[in-house]
Amino acid sequence: MKDKFISIKEAMNKGKGKVSIRGWVYRERKSNKFIFFVVRDSTNIIQCVIKNENVSKEIWDAADKVLIETSLKVTGTVRKDKRAPTGYELEVDDMEIVSYAEDFPMGKDQSYEFQLDMRHLGLRSRKLTAMMKIRSTVFGAIHEYFRGLGYFEFQSPSIVNSAGEGGSTLFTIDYFGKPVYLTQTWQLYAEAAIFALEKIYTIAPSFRAEKSKTSRHLTEYWHAEVEATWLDFEGLQDLGEGLLKHIVKSVLEKHKEDLEILERDVSKLEPTVKKKFPRMTYDDVLKLLKEKKGMDIKWGKDLRTIEEDKLSELFDTPVIVTRYPKEVKAFYMKEDPENKKVVLGYDAIGPEGYGELIGASEREVDIEELKRKLKAEGEDPEKYKFYLDTRRYGSVPHSGFGMGVERVISWICGLDNIKDAIPFPRTMTRTNP
Ligand code: 4AD
Ligand code: MG
């Protein structure tokens, strides 16, 4: 077999004539006269047919032993065929087995936990492959967006000495006999680096010891974060909205087929690209939920999953909720100068019940206020010495946010569980494979 190999996608684009492809058997069906394989590679799947009368006994016998996931190379004639799963069929005249497969353990009707145990093999499924392609575009789009706006990519450490987002979800690790933590956010380091670079972003893993099992929480997730000097609260909202729009637009442009494989209704994503996101205060949300959903939420309570979900039912784009009560938000968020009870922070809540996609705020610059808030949370300001130093040498107004990349992928792909938005999910009960 000395032909040049092309991808399945290229073979289908060619549409007729001789082609050689290579890949893995996705499905197989055998009779006395015909053997049908659906072969997949990273680009698509194609039905191949081997006719007993057309090939040598050697090839026929080899094909007869093929099971799902056998890797092989085939040469034959491709033509349009409406009955074939992707509209083309390849009639094989030569075939070479690269490696036979054992009985493939995955199939339909298996429990979700079993599928997760077998994730190393499950990645080959069409749905997870489609998700991973979209995921790649999402990461690319984040880089494009920030770099396009003149942001530098900046890296912070993963091993840290203090909490960025509160002690209750910190992972402690044994660091040569001393307890240190896995980072929850780059933020404290980013606030040091903006005094050099001014506009920075990152995409990196963040770690949260989430003790709850939900369809939205991972213990290790990818966090796209941004921090900038002189960025005001309005600008911070524009930046978050612009990022989500750019990501969704990029995926819609490049992944029509993948979204189809995921059975995603793309009309649900289009408004995000076209419409301005509603922006409302926490107070407005309480009124709206009372009026439209009959929900009584006591002022001062954080919005929980149930409230976020009900709110998301009222809109077809993400909603930017601003000015939460300061008690429910992190110590570094700046108080609203016009209302000391709330902070200049926002959450962008995804549509269709996908929850908080972005958490954002203007940062408190007053060092005494920061110390006071840290103490109120039971933290020792001594541990935050390096962070507090950033306020001592020419502090300036600045803002930033963090976006949960898997939350966004879940929403775009229409997934039921965030575990399917990452190849190898980590949760309270899962670190394997
Ligand atoms: O709202 P969070 O906790 O904000 C911060 O960490 C800020 N320091 C970010 C910043 O301003 N630089 O987290 C940000 C986002 C959330 O909006 C959510 O999308 C995601 O991170 N997130 C999670 N995603 C998956 N699993 C978890 N356990 C997550 N926790 C937060
Ligand atoms: Mg948050």
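Quick note: numbers below take in every heavy atom, side chains included, and nothing from hydrogens, waters or symmetry partners. All values reported here derive from a predicted model rather than from experimental measurement. Each ligand, and each atom within it, is numbered from 1 in the order the structure gives.
The side chain of Glu225, and not its backbone, has at least one atom closer than 4.0 Å to an atom of ligand 1 (non-hydrogen atoms only; side chain from C-beta on). At a 4.0 Å heavy-atom cut-off, ligand 1 touches Leu357 through the backbone alone.
Of the listed residues (Phe207, Tyr201, Tyr221), the one carrying the non-hydrogen atom nearest atom 29 (C) of ligand 1 is Tyr221. Comparing Gln187, Glu210, Glu165, His223 against atom 14 (C) of ligand 1, the shortest heavy-atom distance belongs to His223.
With waters left out, the protein N, O or S atoms under 2.8 Å from the Mg ion (ligand 2) add up to 1.
By the ring pair (Phe, Tyr, Trp, His ring centres under 6.0 Å) test, Tyr189 is found to be paired with Phe386, residues two or more places apart in sequence or in another chain being considered. Residues satisfying the side-chain contact (heavy atoms from CB on, under 4.5 Å) criterion with Leu116, sequence neighbours excluded, are Tyr112, Glu113, Arg119, Lys419, Pro425, Arg430.
In summary, the aromatic rings of Tyr151 and Tyr201 are positioned with their centroids too far apart to meet the 6.0 Å limit. Between Tyr145 and His143, the ring center distance fails the sub-6.0 Å criterion.
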For residues 175-183, which side-chain N or O atoms pair as donor and acceptor with protein atoms under 3.5 Å away, sequence neighbours left out?
unit_1	atom_1	unit_2	atom_2	d
Tyr181	OH	Lys383	NZ	3.2
Thr183	OG1	Thr185	N	3.3
Thr183	OG1	Thr185	O	2.7

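Relative ring orientation between Tyr221 and His223 is described as tilted, the plane-to-plane angle lying within the 30° to 60° band.
Between Ile35 and Val49 the shortest side-chain heavy-atom distance does not fall below 4.5 Å.
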